[in-house]
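Dropping a structure here in structure tokens format, bear with me for questions.
Since this is a predicted model, take the numbers as computed values, not measurements. Note on naming: letters A, B, ... go to the chains in the order of the sequence lines (proteins, then strands), and numbering restarts at 1 for each one.
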Amino acid sequence: MLLRTVLRNERRLLAADPALRIALVVFAALFVYALANGMVWDRFQARTVEAARSGNAERVRGLAQELTDIANGAQPSSPFRDPRAPIVLGGARGAHTAVLEPGPLAALAVGQSDLLPYYYDVSIYTNESSFQQNGEVENPLNLMVGRFDLAFVTVYLLPLLVLALSFNVLSEEREQGTLALTLSQPVSARGVVGAKLAFRALLVVGLAAGVSLLGILATGGFTEAGRVLLWCAAVSLYALFWFALAAWVNSLRRSSAWNATVLVGAWLVLVVVLPAAINIAAGLLHPLPSRVEMITAQREASNDAVNRRSELLARYLEDHPEMASGVVPDEPGMAALTWAATDAVNGRLEEVTAVHDARRAEQLALIRRYRFLTPALLAQGVLVDAAGTGDARFAHFQSQVRDFAERWRQFFVPAILADERMTAAVLPGVPSFRFVDEQPADVARRAAVPLLVLGGLVVLVSVGAGVALGRVRGAA
Amino acid sequence: MSEVVPIDVPSASTAVASTPVLEARALFKRYGDVEAVAGLDLRVGPSEIYCLLGPNGAGKTTTIHLFLGFLEPTGGSVHVSGLDVAAEPLESKRRLAYIPEQVMLYRNLSGLENLEYFAALGGRGSLAAERLTDILVGAGLPRAAVQRRVSEYSKGMRQKVGIAIAIAKEADALLLDEPTSGLDPQASNEFSELLGRLRDRGVAVLMATHDLFRAKETGTRVGIMRHGRLATEMSTDEIGHADLERVYLEHMHG
């Protein structure tokens, strides 16, 4: 009864207040723009993936044709490009592009998908350095503001809408004098504030969830109901956290100006300062080895291996002096030699990159631990993860690519070592990559703890606000 | 003027019907070292208009706020229609209507929308718009103003909406805090008439005021408060305007 009465009055007040109406329209426009922005990126990524896929098919068709032609007596264009050589077919010429399809809700949160590679050309030369990312650990704040997508608007700007609607939910009633008449009715301040906030929460969560569902509908993500639920849960809990905070600040019975200052301060600390501070802490506590050093070390390792390759070759030629004048790669043993040298390079590179990767993992672990310091990072993590554009799904993809590269090598390396000749008949048997998406249960499991913590925060702050509001009896 | 018989507090209770609508029993309210209400005993029966007189700081507004449950007494108790306000705050507020000194409403809503909201909060959500309009007009608001935004209203018009809210609530008792301050004489007169009509319906009215003339004209009894307690109490039938002023001044200086 109270709820219905207050809801109707709030609707009237909103309709009669042009400033609030404008704020809502502006935010609705921002939401829609963010969604459109995300959809543009999603479509771009989908096109790239499609191009990579058709590139794979094209390449196989070309190689099959060439192998058939050679079998029919044609000459290969160059001995270095002869597809019959397994080192050529399994190398750059036959490389298979392994692609990560855009996340199911990628249009809602671009996440890290514009930072992390979503396709790799896999060949026998694929090694650990192929997986090295170009960036350092990205500032979580940068990730949040990186692209103007729905996740950004939700994490960054939604709190501002919540605060604009509720910073003075009780103080305004007192300042304009209506609280005295209100509290002379058989209602409690807690009940009235609760009902007023419920109206605003319906509005904000309705807007955020509505635009999200619109986006999901437009990009066909409804097949992943679990992810949609996680997304909506994160948006709702995050918005509710800010409503609860506004209720608590109002319960302290200070002026509207004081409330606004404190709440904007809280936004600044929780959304802007803490994420940046956590990133700085990660950099200070677990500094990455310099990239320059790492690249230098990679080059040295590579040069070293190449030199060793020369030594191996020299020794080989000493044993086969008759070949000294005209070494050709398809001579028996040469491909195996080349492969041995490549393998040696890979071994050295793995050592160098392992140090870097370990540090990076430590940094990420620290960031993952400290995200519990602010609801902004918790919500952002779940949103990106639910959208399938976070680092977890990416790591899932990368590990599949690693396995695939291994399968690729296992297919080609024995042929290289055995100096086999390839024909068009082997092509259908060449491994191909198909990304197997994460299980919804895995995503839910990862999101469970952050969502529970977020929900716990909402309950905690709400109870605090409720207790304090219970003490508000008069209009003073 | 010798017929003026100031009645002492203890004997005053005998003049009231045995079941008072508003009752304060040995009521105390202390703010730090200041005793705002110090052992107040007060009873207001049905169809009574009780005017609380007294200088600023005598404890009149505090008394009204204690009846409304806006404040918690530091001693004693307040009762509305027999309900202990501290024990049943919401139920006792259901039986009370309150008109503050300044009736502040939602400026962006019309008088009718304000009445609709507050009446619904007060438990009268079932009243139709026509009935609510009649109540507003009955309280003296011009019919043409009913649908206009409150931001365009004068203080007197807002006061009338406040009265309409009180009327719509059909409460047992009405609490008024300086209701006529800032109203022009005609508006004050209309206000007094309205109070008379409410009294005729059996409503108990407790009104804090500085207006001795109106207290005499409108009230059935007056009580003079000083230092948080009743200095004296009398029936307005038994007293003339001049006498009331004399008694008041005597008590202020006494």
Which donor-acceptor pairs under 3.5 Å do the side chains of residues 124-131 of chain B make with protein atoms, sequence neighbours left out?
from	atom 1	to	atom 2	distance (Å)
B:R124	NH1	B:A168	O	3.0
B:R124	NH1	B:E170	OE1	3.1

Subject >> CH2 (A:W267) with more than 12 external heavy atoms under 6.0 Å >> reply: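 Yes - once you tally the heavy atoms of other residues, nucleotides and ligands closer than 6.0 Å, there are more than 12.
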Subject >> Side-chain heavy-atom pair A:L181, B:P100 within 4.5 angstrom cut-off >> reply: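 Result yes, sub-4.5 Å side-chain heavy-atom pair found.
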Subject >> Part of A:R4 within contact of chain B (heavy atom distance under 4.5 Å) >> reply: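 Neither part.
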Kindly list each side-chain donor-acceptor pair under 3.5 angstrom involving residues 14-27 of chain A, sequence neighbours excluded, with atom names and distances?
from	atom 1	to	atom 2	distance (Å)
A:D17	OD1	A:A19	N	3.0
A:R21	NH1	A:A15	O	2.2

Original post:
So which part of A:L2 gets closer than 4.5 Å to some heavy atom of chain B, the side chain, the backbone, both or neither?
Top reply: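 The answer is the side chain of A:L2.
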Original post:
Side chain, backbone, both or neither: which part of B:L175 has a heavy atom under 4.5 Å from chain A?
Top reply: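 Neither the backbone nor the side chain of B:L175 comes within 4.5 Å of chain A.
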**OP:** Pull out the residues in residues 103-122 of chain B that come under 4.5 Å of chain A, heavy atom to heavy atom, sorted by number.
**Re:**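 Residues B:V103, B:M104, B:L105, B:Y106, B:N108, B:L109, B:E113, B:E116, B:Y117, B:F118, B:A120, B:L121, B:G122 are the ones that qualify, each having a heavy atom under 4.5 Å from chain A.
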Original post:
What residues of residues 80-95 of chain B sit under 4.5 Å from chain A when only non-hydrogen atoms are counted?
Top reply: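 Within residues 80-95 of chain B, the residues under 4.5 Å from chain A are B:L90, B:K93, B:R94.
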